[in-house]
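Down below is the structure, laid out as structure tokens.
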Amino acid sequence: MTSLDPAAPTAEDEAVGATGAGMLLEVQGLEVTFPTTRGPLKAVDGVSYSIAAGQTLGVVGESGCGKSVAALAILGLLPPPGAVTAGQVLFAGADLVRLDRGALRRLRGDRLAMIFQDPLSALNPVVPIGDQVGETLVIHRQVAPSLARKEAAALLRRVGISDPDRRITEYPHQLSGGMRQRAVIAMAVACRPALLFADEPTTALDVTVQAQILDLLDELRADTGMAMQFISHNLAVVSRLADEVVVMYAGRIVERAPTNELFRHPAHPYTQALIDTVPVKGRRPLGSPPTKLASIPGQVADMRTAGPGCRFAARCPQAAYDCRAAEPPLREAGKNHWVACFRAAT
Amino acid sequence: MTRFAVTRAIEGLIVLLVMSFVVYGLIGLMPGDPIDLMIASNPKLTSADAQRLRALYGLDRPILERYLNWLTAALQGDFGYSRAFARPVLELIGPRLVNTLVLMVASLTVALIVGLAAGLYAALHPRSLIDDLIGYLSFISISTPTFWLALLLMMLFSVVLGVLPASGMPVGADTGLGERLRHLILPVATLSLASAGGYTRYMRAAMIETLGQDFIRTARAKGASEMRVVLRHGLRNALIPVITVIALDFGALFSGALITETMFAYPGMGKAIYDAIMANDFNLALVTLLFATLTTLVGNFAADLGYAWLDPRISLAAGRAGT
Ligand SMILES: Nc1ncnc2c1ncn2[C@@H]1O[C@H](COP(=O)(O)OP(=O)(O)OP(=O)(O)O)[C@@H](O)[C@H]1O
Ligand code: SF4
Ligand SMILES: [Mg+2]
């Protein structure tokens, strides 16, 4: 079961070590800053959560709220000049933020893996599929490239690609979009990672293929016992896989709850708005782009110029005077249910 | 692949044919035909003699007829006599062609090694001191005229230091290899320095662009070492545009070779073209200029081949992918 450490880590916490023992991943007070010409931009601002082995955490939020940046920061893949400016990320007893580059590299692709949004651009156009899918075995298991290619064929079969022996010799442009995403998934799970980050893995695909890919991911998770951090701006998609959901807004977590609880009792006005945009079963196919999401009025505030209050205040239907005075802290709103809103019932 | 090569070869022949006619016509437009030159060098010739000679050499016929006569002979391997050198054109061009090819291949090799290595290094250390330095040097290389660079090198190594010959590469097979190499150093240095700056820039830009691609992030996410990321995933992708530009630049390399040869009195095609035009040597000029066309065609062909070889997305068969 996943749980949450809502408070930003205090010096005491860090001294004592990880709270909530048994967690596979513990993110504490993660802060990611991009220096810009108009001052530092905190793309992720004090985010804390944890994932237990074998569990799936969904991360939702509008475009630009920091979902990808948070995941990239954990893996040490931030595009420069972005950098982690505070917090820690505990994985298997080590703090990934302070781990030296070589050690982090040995974890990447082996224990920690990531799937990116666009399978075509994520694949190298001039390297055969088989070589790419088997590459982590060459890197981390010292498997000979010819053997890795054979292994890649088995992996491709596992993710539902027919005629894998031919496919391993082909190049990305020769595969369909769905097949490419399957290949990318095969590539990510080749070393049986303990934790898989899936960043909008179905957004670039058409609706029927989306559903198949989600099923495949869930199947692989059940098979291998890996944990997953599933990132999407689409709450409906997230709800299909996630045991627990984190809702992000402007670089912060505004609500976190087990999936069912979140749908039944959304406590944050932003979450409520998001849920209103979720298609009702039968009316629109699950996973199709939420047409109403864009109609939450207003835009995400620029975090560099925002005032001291709640970041959602400018768009919040329930905003009151005190909302602009101070930032609402993350408070417990129920069992394993946390929310950052002054108005939310607790 | 074969079909592509054959198609391109036929296309190339057609271009050569058209070019031969154009060049033939243009040379025909130059003031003074060979008889005028004879008159100039032999004042005793009367205009009646000139008339007779024109008829003898067929110079009084319409240009199309003359061209077709030339073409018929050329297709049988007879490119006529060089008037200025009093030898068959082919026999004259043979060793010069070899000299030019040696100069071009050697310079291209040096320029590629220097340019690609410098560009790669600069791309991997953007905005570093060495990157800046490489940037300045390539800017100098690009903006320095070839003839001036040749003069500078000559002054330094031949006049001031006196270690290398400034000119006088001997023609003929009887010269020793060491002597030939010594004569080759300055021309090769000139021509390769003139091209290396451009290659450096292409390489740097292409590699930086490639390193920003998503699949590079994927490679890093797999735990690939920097070395593996750059060499296995970056380099081949970056080389696709670079090789193309360089091959298309073949014409520039050739004209650079012509200037270099002239500067160093290096007995190659460049000198031959220059001499032929200066001496109004009709047959020689025709063949040497056609050779220039051929160089450009070969460059384009090489660009296509290199492109197809590096990029599996390109299918030269212009049909189904991967065949
Ligand atoms: N390379 C960068 N340079 C500067 N700022 C960046 C960079 N990458 C991301 N950011 C900032 O970080 C914020 C969060 O970006 P992120 O990619 O994490 O959003 P996201 O939640 O994944 O959105 P999406 O749904 O569009 O993928 C953005 O608003 C952007 O301002
Ligand atoms: S704190 Fe105020 S502004 Fe922020 S979400 Fe709650 S009600 Fe809205
Ligand atoms: Mg994203």
Side-chain angles (χ1 to χ4, degrees), chain A residues 68 71-72 74-80 101-129 131-141 145 166 169-175 183-184 187-188 190-191 193 196-197 199 204, chain B residues 1 122-128 131 203 206-244 303-323:
Chain A
S68 301
L72 292 171
I74 292 169
L75 288 166
L77 293 173
L78 280 176
R101 286 162 52 131
L104 185 56
R105 206 172 62 219
R106 281 190 289 282
L107 287 175
R108 275 203 304 256
D110 186 2
R111 312 292 300 132
L112 295 164
M114 183 153 180
I115 301 171
F116 299 99
Q117 175 169 343
D118 179 2
L120 182 58
S121 64
L123 289 165
N124 190 328
V126 304
V127 176
I129 294 290
D131 291 5
Q132 298 194 58
V133 170
E135 189 170 8
T136 50
L137 297 169
V138 177
I139 295 171
H140 298 289
R141 302 276 187 272
R166 180 163 64 91
T169 63
E170 292 189 340
Y171 293 90
H173 73 277
Q174 290 167 287
L175 271 58
V184 166
M187 193 161 86
C191 285
L196 175 69
F197 294 84
D199 190 358
Chain B
M1 199 68 170
L124 296 184
H125 305 86
R127 314 231 171 114
S128 69
D131 179 28
M203 187 63 202
M207 196 66 197
I208 284 181
E209 151 121 33
T210 303
L211 288 180
Q213 302 274 317
D214 281 359
F215 61 81
I216 292 293
R217 187 178 59 187
T218 305
R220 295 213 165 98
K222 286 179 179 178
S225 63
E226 255 332 91
M227 181 92 126
R228 190 180 180 91
V229 168
V230 170
L231 296 184
R232 173 123 179 94
H233 291 281
L235 192 59
R236 186 161 169 185
N237 281 285
L239 279 179
I240 293 171
V242 172
I243 291 294
T244 310
D304 285 333
L305 283 186
Y307 205 69
W309 173 61
L310 285 169
D311 191 346
R313 285 163 296 187
I314 305 299
S315 165
L316 293 180
R320 294 194 20 224
T323 39

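Labels below follow one simple rule: chain letters A, B, ... track the order of the sequence lines, proteins then strands, and each chain is numbered from 1. Side chains included, hydrogens not; waters and symmetry mates left out as well; all remaining heavy atoms used.
- Taking the side chain as every heavy atom from C-beta outward, A:Pro125 and B:Asp311 never approach each other to under 4.5 Å.
- If you measure heavy-atom distances from A:Val184 to chain B, you find no contacts under 4.5 Å at all.
- With a 4.5 angstrom heavy-atom cutoff, A:Leu75 does not touch chain B via any of its atoms.
- For a residue to count as touching a neighbouring chain, one of its non-hydrogen atoms must lie under 4.5 Å from one of that chain's; by this rule A:Val126 touches chain B with backbone and side chain alike.
- When heavy atoms are compared at a cutoff of 4.5 Å, A:Leu72 approaches chain B solely by way of its side chain, counted from C-beta outward.
- Between chain B and the residues A:Gly109, A:Pro79, A:Pro193, A:Cys191, the most heavy-atom pairs under 4.5 angstrom are made by A:Gly109.
- Note on A:Ala122, A:Ala113, A:Gly76: by heavy-atom pairs under 4.5 Å with chain B, the leading option is A:Ala122.
- Within residues 214-223 of chain B, the residues approaching chain A closer than 4.5 Å by heavy atoms are, in numerical order, B:Asp214, B:Phe215, B:Arg217, B:Thr218, B:Arg220, B:Ala221, B:Lys222, B:Gly223.
- Ion pairing between A:Arg105 and B:Glu226 fails under the 4.0 Å rule for side-chain N and carboxylate O.
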Would A:Gln132 and B:His233 satisfy side-chain hydrogen bond (donor to acceptor under 3.5 Å, both in side chains), going step by step from the backbone distance to the final call? CA-CA 10 Å; A:Gln132 298 194 58; B:His233 291 281; 5.3 Å; no
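- Residues A:Asn124 and B:Asn237 approach most closely at OD1-ND2, 2.8 Å, considering heavy atoms.
- Applying the salt bridge (charged side-chain N to carboxylate O under 4.0 Å, His left out) test to every pair with at least one member in residues 229-241 of chain B, sequence neighbours left out, gives these pairs: A:Asp131-B:Arg232.
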